[in-house]
Amino acid sequence: LSESSRHGRLYNRPFVECFEETPMLVAVLTYMGYGILTIFGYLRDFLRHWQIERCPIAREREEQKDFVPLYQDFENFYTRNLYMRIRDNWNRPICSVPGAKMELMQRLSHDYNWTFEYTGRIVQDVINLGSYNYLGFAENTGPCADSAAEVTMKYGVGVASTRQETGNLDRHEEMEKLVANFLGVESAMAFGMGFATNSMNIPALAGKGCLILSDELNHTSLVLGARLSGSTIRVFKHNNMQSLEKLLREAIAHGQPRTHRPWKKILILVEGIYSMEGSIVRLPEVIALKKRYKAYLYLDEAHSIGALGPRGRGVVDYFGLDTCDVDVMMGTFTKSFGAAGGYIAGKRLIEYLRSHSHSAVYATSMSPPVVEQIITSMKCIMGEDGTTKGSERIQQLAENTVYFRKRLREMGFIIYGNNDSPVVPMMLYMPAKIGAFGREMFKRNIGVVVVGFPATPIIESRARFCISAAHTKDMLDRVNHESFICRDGN
């Protein structure tokens, strides 16, 4: 259990996060499980080599056996012998709006998940605990859907051009002004893809001679953006301010390798809510450090914008901080707003990005109905639609999050993360439990995301629940009850 005590003066509310260490017996049994799977995997590969067992997976052609392989052998080994056994838990086709409940296409496999056959049957009323639909705006009825339909009739679906050419609509301009107003910053810029917002803009902000300090659990888009920038990258332990401060001190004291010249720029990369851990960044401490050492701060609020704070303004709002203390505010519209794309916001950097960001210069601009979905949902959150529905959704999400986490802990589950995080990782540990839990929950009409290695550490496999304002108390109670039954195998 980690709690802010040393820096308590920086927080206006208790900051409590729980990461229970894996019990020794569970860790040993988990390693044994992976060991058994690996041994049997090599045995089956031996049988496949001698064509005793059929292997339908894609392989290098015989005439290319002397070529350098396109992919690493272990990755292919892992896919053949471990992932394929539980592949039925992923990529299930959805044929409805991914709201609190959804409809899924039923599929069967007669060859142990190598191929799937669709039966034509629709599985109705599956409780959706997997979508990032935090505020429940992923819906096909209501003001957002109606506005998007009207804009589609006027503007069409595609723009077929970049913003710098003939793809800059009046709706894009209105959306960016609204985003800046929503965040309380000078200006904002929107992009058509959330992943590209990070991976294509970080290289425009940092380059050779710059230092990037990245949290070890940062999303792949941040990692890719940092690598593409050509900057020197150093990783600090997750949410560990002592580790971050040590790297900052060394950077200031020693400068660049070999030349020892001062770094052109030091950029700290953190997320608001970490999507696999359910933890919230220690933003007050990060800001204090970046001010002390004259660094820049890049905050990724993909999961926290709309989902945290009394006004839904994200982690800055959650801690009651000043947006001016965050140099680059990034977020996505794919989660709390039920749309697509992302944004970069801040002061005095947006005009620079308009001409230097690859995503801005070369990518087609956002689809008009998607833009309208963002505008309508954001106005609802801000209360500019003349109702209190937005604030009610924010309050409902907060209540659902606290209630669901509390009930799981009361039932004896090991839960990771912050009490206020709507991302709720529930630990499963053993590899066999990943597939079993996902299947058993689906049998009970509950759709959950199960995650294992390499997306998590090898002994920390988990189920990840994403709470929504659209979930009712009865739905959450049912999920809690069925999770308990599935865990005990009854």
Side-chain angles (χ1 to χ4, degrees), residues 132 137-138 144 148 151-152 154-180 182-183 185-207 210 212 218-231 267 269 271-272 275 298-303 305-306 327-378:
Y132 306 129
F137 282 113
C144 291
V151 165
T152 303
K154 181 179 179 181
Y155 292 89
V157 174
V159 181
S161 181
T162 66
R163 291 286 295 275
Q164 291 192 352
E165 294 169 340
T166 57
N168 191 29
L169 305 178
D170 55 346
R171 307 306 289 166
H172 290 129
E173 298 285 345
E174 181 183 344
M175 174 186 61
E176 290 177 343
K177 288 177 183 176
L178 185 66
V179 171
F182 178 70
L183 297 170
V185 295
E186 227 175 61
S187 57
M189 184 177 180
F191 304 87
M193 182 182 178
F195 189 98
T197 306
N198 277 332
S199 60
M200 293 290 102
N201 282 295
I202 293 175
L205 297 171
C210 298
I212 291 179
N218 274 343
H219 189 263
T220 306
S221 59
L222 288 167
V223 175
L224 179 60
R227 288 175 177 171
L228 290 175
S229 71
S231 304
L267 184 64
L269 300 185
E271 294 185 47
S275 59
Y298 185 109
L299 174 63
D300 178 346
E301 292 216 77
H303 288 268
I305 192 67
D327 302 289
V328 186
M329 299 185 72
M330 176 270 171
T332 62
F333 303 118
T334 56
K335 299 167 180 70
S336 294
F337 304 97
Y343 66 82
I344 294 281
K347 51 185 179 182
R348 296 190 300 275
L349 82 147
I350 299 305
E351 291 308 315
Y352 171 80
L353 287 177
R354 289 192 195 280
S355 57
H356 287 78
S357 166
H358 290 307
S359 188
V361 177
Y362 299 110
T364 302
S365 53
M366 293 177 71
S367 174
V370 172
V371 173
E372 192 62 25
Q373 167 76 18
I374 296 164
I375 292 172
T376 313
S377 59
M378 193 170 286

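Any value given below was found using the heavy atoms of this structure, including those in side chains, with hydrogens, waters and symmetry copies removed.
- For the residue pair Asp170 / Tyr155, a side-chain donor-acceptor distance below 3.5 Å is found, with atom types taken as modelled.
- Note on residues 332-349: no pairs pass salt bridge (charged side-chain N to carboxylate O under 4.0 Å, His left out), not counting sequence neighbours.
- Using a 4.5 Å cut-off on side-chain heavy atoms (C-beta onward), Glu173 and Asn168 make contact.
- A distance-only check finds no donor-acceptor pair linking the side chain of Asn201 to the backbone of Ser359 [under 3.5 Å].
- Here the straight-line distance linking atom CG of Asp300 with atom OG of Ser275 works out to 9.0 Å at 0.5 Å rounding.
- Considering all non-hydrogen atoms of both residues, Ser231 and Gly207 come closest at OG-O, 2.9 Å.
- A salt bridge is defined here as a Lys NZ or Arg NE, NH1 or NH2 lying under 4.0 Å from an Asp or Glu carboxylate O, and Glu174 with Arg171 meets this definition.
- Tested against Met378 for a side chain to side chain contact (heavy atoms under 4.5 Å, CB included), the candidates Thr376, Ile375, Ile374 yield a single pass: Ile374.
- When side chains are defined from C-beta on, Leu228 counts as touching Met200, because their heavy atoms get closer than 4.5 Å.
- Between the side chain of Ser229 and the backbone N or O of Ile202 there is no donor-acceptor pair closer than 3.5 Å.
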Between Leu299 and Met330, does the side chain to side chain contact (heavy atoms under 4.5 Å, CB included) criterion hold? Intermediate values first, please. CA-CA 6 Å; Leu299 174 63; Met330 176 270 171; over 6 Å; no
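- In summary, Lys177 and Glu186 do not engage in a salt bridge, as defined by a charged side-chain N under 4.0 Å from a carboxylate O.
- Leu353 has its side chain within reach of Leu205: a pair of non-hydrogen atoms, C-beta onward, lies under 4.5 Å apart.
- Across Ser187 and Ile350, no two heavy atoms sit closer than the pair OG-CG1, 3.0 Å.
- Within the model, atoms SG of Cys144 and CD of Glu372 stand 9.0 Å from one another, a figure rounded to the nearest 0.5 Å.
- Side-chain contact check for Thr334 and Thr332: at least one donor-acceptor pair (N or O, by modelled atom type) lies under 3.5 Å.
- Looking at heavy atoms from C-beta onward, Tyr362 lies out of side-chain contact with Thr162 at the 4.5 angstrom threshold.
- No side-chain heavy atom of Val179 sits under 4.5 Å from any side-chain heavy atom of Val185.
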Residue pair Tyr298, Asp327: steps toward the side chain to side chain contact (heavy atoms under 4.5 Å, CB included) verdict: CA-CA 6 Å; Tyr298 185 109; Asp327 302 289; over 6 Å; no
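- Scanning all heavy atoms of the two residues, the minimum distance from Ala360 to Met189 falls at CB-CE, 3.0 Å.
- A donor atom on one side chain and an acceptor atom on the other are not found under 3.5 Å apart for Ser199 and Ser221.
- Considering only heavy atoms from C-beta on, Val371 stays 4.5 Å or farther from Leu169 through its side chain.
- Annotation for Gln373 and Phe137: closest pair NE2-O, 3.2 Å, computed over non-hydrogen atoms.
- The aromatic rings of Phe337 and Phe333 lie perpendicular to each other, with more than 60° between the two planes, well past the 30° mark.
- Residue Leu222 holds its CG atom at 9.0 Å from CZ of Phe195, rounded to the nearest 0.5 Å.
- A distance of 9.0 Å separates OG1 of Thr364 from CD of Glu165, quoted to the nearest 0.5 Å.
- For the pair Thr152 and Pro368, the minimum side-chain heavy-atom distance is 4.5 Å or more.
- Distance OG1/Thr220 to CG/Asn198: 10.5 Å, rounded to 0.5 Å.
- Surrounding CZ of Arg227 are at most 12 heavy atoms belonging to other residues, nucleotides or ligands under 6.0 Å away.
- Taking each heavy atom of Tyr343 and Thr197 in turn, the nearest pair found is O-CG2, 3.6 Å.
- The backbone N or O of Ala204 lies less than 3.5 Å from a partner atom in the side chain of Tyr352, making a donor-acceptor pair.
- If you take NE2 on His219 and CD on Glu271, they are separated by 7.0 Å, rounding to the nearest 0.5 Å.
- Classification of Glu176 and Arg163 as a salt-bridged pair holds, one side-chain N sitting under 4.0 Å from a carboxylate O.
- A donor-acceptor pair under 3.5 Å links the side-chain atoms of His172 to the main chain of Met366, judged by distance alone.
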